[in-house]
Q: 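Sharing a structure, written as structure tokens. Questions coming.
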Amino acid sequence: ADAAKLVNLKVDVSIFGNIAKTTMTMIFENTTHRDLEGELTFPMPEGVSVSGYALDINGKLRQAVPVDKNKGTEVFESIETRRVDPGLLEKVEGNNFRTRIYPLPAKGRRTVQISYSENLTPEFDQTLYYYLPLAYNTIIENLELDINVYQGNKKPIFTEQPDGSLAFSEQNHNYAAALHKQQFKVQRNLAIKLPLNQNSVAG
């Protein structure tokens with residue numbers, strides 16, 4: 001099952017108020033000399049709704065559409081060449097999603113892009129938390145993490161992060177942080193604490 005491995009991971013996070021949108025672009029590589037059905041199971045936070053799924057077909061990322069196979073499984077299929085080239089995303093046990101890609105050509109690579117959004121709810125201490133499970137425990141050739149928090153009055157804080165160099169810079173109440181690493185073993189998740197704007201807290 002290790003024949004298909006995740007080689008590139010690019011994550012874009014945009015947080016505006018209590019809405020967080022996350023886009024993950026993953027590149028898989030087939031390390032064997034035969035065509036495979038690529039399969040990857042990856043964790044996602046509680047209660048997210050997947051809004052977009054795209055798969056590269058002939059080198060272009062093409063959006064797939066949700067197909068209502070059975071309740072509780074979010075399934076996306078590529079629109080154009082359904083017979084030849086299905087891309088499938090489904091929710092499996094726990095909070096894991098599984099994506100299947102066929103074919104994953106011998107010694108080849110395929111790209112999958114998944115977008116989802118979530119409503120962050122304030123915790124007891126009147127702060128919002130954004131959480132992204134990243135503990136893949138594999139060495140990723142190329143990791144890119146870009147985080148933007150728009151129109152916040154207070155600087156967000158990383159409570160957990162994959163690498164100590166991640167830090168927010170501020171410009172006009174917009175906060176940005178980026179991490180670009182090569183050959184990086186991702187062992188820790190990303191967690192951000194977002195103090196609420198005073199004016200948006202009732203009471």
Q: List, one per line, each side-chain donor-acceptor pair under 3.5 Å for residues 181-193, sequence neighbours excluded.
A:
{"residue": "Gln182", "atom": "NE2", "partner": "Asn142", "partner atom": "OD1", "Å": "3.0"}
{"residue": "Asn189", "atom": "OD1", "partner": "Leu134", "partner atom": "N", "Å": "2.7"}
{"residue": "Asn189", "atom": "OD1", "partner": "Ala135", "partner atom": "N", "Å": "3.0"}
{"residue": "Asn189", "atom": "ND2", "partner": "Tyr131", "partner atom": "OH", "Å": "3.0"}

Q: Just to verify, what does Asp12 make a salt bridge (Lys or Arg N to Asp or Glu O under 4.0 Å) with, not counting sequence neighbours?
A: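 Asp12 satisfies salt bridge (Lys or Arg N to Asp or Glu O under 4.0 Å) with Lys10 only.
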Q: Please give me the minimum heavy-atom distance between Leu145 and Pro162, naming the atom from each residue.
A: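 In this case the closest contact between Leu145 and Pro162 is CD2-CG, 4.0 Å.
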Q: Can you name the salt bridge (Lys or Arg N to Asp or Glu O under 4.0 Å) partners of Arg34, sequence neighbours left out?
A: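 If we apply the salt bridge (Lys or Arg N to Asp or Glu O under 4.0 Å) test to Arg34, skipping adjacent residues, there are no hits.
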Q: Tell me whether Val48 is reachable from Val149 by hopping between hydrophobic residues (I, L, V, M, F, W, Y) whose side-chain heavy atoms are closer than 4.5 Å.
A: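 Yes, it is one cluster - the side chains of Val149 and Val48 are joined through contacts under 4.5 Å.
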Q: Which heavy atom of Arg109 sits nearest a heavy atom of Leu104, and at what distance?
A: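 For Arg109 and Leu104, the tightest heavy-atom pair comes out as C-CD1, 4.3 Å.
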Q: At what distance, to the nearest 0.5 angstrom, does CD1 of Ile114 lie from OG1 of Thr99?
A: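 One finds 5.5 Å between CD1 of Ile114 and OG1 of Thr99.
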Q: Would you check, one step at a time, whether the test side-chain contact (heavy atoms from CB on, under 4.5 Å) holds for Asn8 with Glu141?
A: CA-CA 6 Å; Asn8 282 17; Glu141 271 176 32; 3.9 Å; yes
Q: Can you tell me how far apart CG (Leu194) and OH (Tyr175) are? Round to the nearest 0.5 Å.
A: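 Separation between the atoms: 10.5 Å.
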Q: Under the 3.5 angstrom rule, does the side chain of Gln113 hit a backbone N or O of Ala54 as a donor-acceptor pair?
A: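 No, Gln113 side chain to Ala54 backbone: no donor-acceptor pair under 3.5 Å.
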Q: Got more than 12 heavy atoms from elsewhere within 6.0 Å of NE2, His180?
A: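 Enclosed.
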Q: Ring pair (Phe, Tyr, Trp, His ring centres under 6.0 Å) with Phe168: which residues, sequence neighbours excluded?
A: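 Checked Phe168 against ring pair (Phe, Tyr, Trp, His ring centres under 6.0 Å); matches are Phe158.
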Q: Using modelled atom types and a 3.5 Å cut-off, is there a donor and acceptor pairing between side-chain atoms of Lys107 and backbone atoms of Thr31?
A: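 Yes; judged by distance alone, with no hydrogens or angles, the pair exists.
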Q: Give me the atom names and distance for the closest heavy-atom approach of Tyr129 to Leu120.
A: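 Result for this residue pair: O-CD2, 3.5 Å.
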Q: Going by heavy atoms in the side chains, are Ile19 and Ile15 under 4.5 Å from each other?
A: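 No - every pair of side-chain heavy atoms lies 4.5 Å or more apart.
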Q: Could you go step by step and tell me if Val11 and Leu132 meet the side-chain contact (heavy atoms from CB on, under 4.5 Å) rule?
A: CA-CA 10 Å; Val11 183; Leu132 179 69; 3.7 Å; yes
Q: Taking Glu29's backbone N and O only, do any of them form a donor-acceptor pair with Arg110's side chain (distance below 3.5 Å, no angle check)?
A: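 No; judged by distance alone, with no hydrogens or angles, the pair does not exist.
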Q: Looking only at heavy atoms, which two atoms of Thr127 and Pro195 are closest? And how far apart?
A: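 Result for this residue pair: CG2-CA, 3.7 Å.
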Q: Is a side-chain donor-acceptor pair under 3.5 Å present for Thr22 with Tyr130?
A: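 Tyr130 vs Thr22: donor-acceptor pair found between side chains.
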Q: Please tell me if the side chains of Met24 and Leu9 come closer than 4.5 Å, counting only heavy atoms from C-beta onward.
A: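 They are in contact (side-chain heavy atoms under 4.5 Å apart), so the answer is yes.
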Q: Do you know the tightest heavy-atom contact between Ala167 and Ala177?
A: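 It is O-CB, 3.2 Å.
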Q: Linking Ile, Leu, Val, Met, Phe, Trp and Tyr through side-chain heavy atoms less than 4.5 Å apart, which residues share a cluster with Ile27?
A: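 The other cluster members (ILVMFWY side chains, heavy atoms under 4.5 Å, direct or chained) are Val7.
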Q: Quick one about Tyr53 and Ser115 (side-chain donor to acceptor, distance below 3.5 Å, no hydrogens or angles considered), yes or no?
A: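 The criterion, which ignores hydrogens and geometry beyond distance, is not satisfied for Tyr53 and Ser115.
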Q: Evaluate Thr25 against Thr111 for side-chain contact (heavy atoms from CB on, under 4.5 Å), listing each step before the verdict.
A: CA-CA 7 Å; Thr25 309; Thr111 304; 3.7 Å; yes
Q: Where do Pro122 and Leu128 come nearest, in terms of heavy atoms and distance?
A: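 Nearest pair, atom of Pro122 first, then Leu128: N-CD2, 3.4 Å.
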Q: Does the side chain of Leu55 come within less than 4.5 Å of Ile101's, by heavy atoms?
A: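 Ile101 vs Leu55: side chains touch.
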Q: Any donor-acceptor pair under 3.5 Å linking the side chain of Gln171 with the backbone of Asn174?
A: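 Not confirmed, Gln171 side chain does not pair with Asn174 backbone.
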Q: Taking transitive links into account, so neighbours of neighbours count too, which hydrophobic residues share a cluster with Phe16 at under 4.5 Å side-chain distance?
A: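 Tyr150, all in the cluster of Phe16.
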Q: Are the side chain of Asp35 and the backbone N or O of Ala106 linked by a donor-acceptor pair below 3.5 Å?
A: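 Yes, the answer is positive, given that a donor and an acceptor are paired below the 3.5 Å cut-off.
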Q: Can you find a heavy atom in the side chain of Leu179 that is under 4.5 Å from one in the side chain of Leu143?
A: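 In contact.
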Q: Please walk me through it: do Leu6 and Ile140 pass side-chain contact (heavy atoms from CB on, under 4.5 Å)?
A: CA-CA 7 Å; Leu6 179 64; Ile140 293 177; 4.0 Å; yes
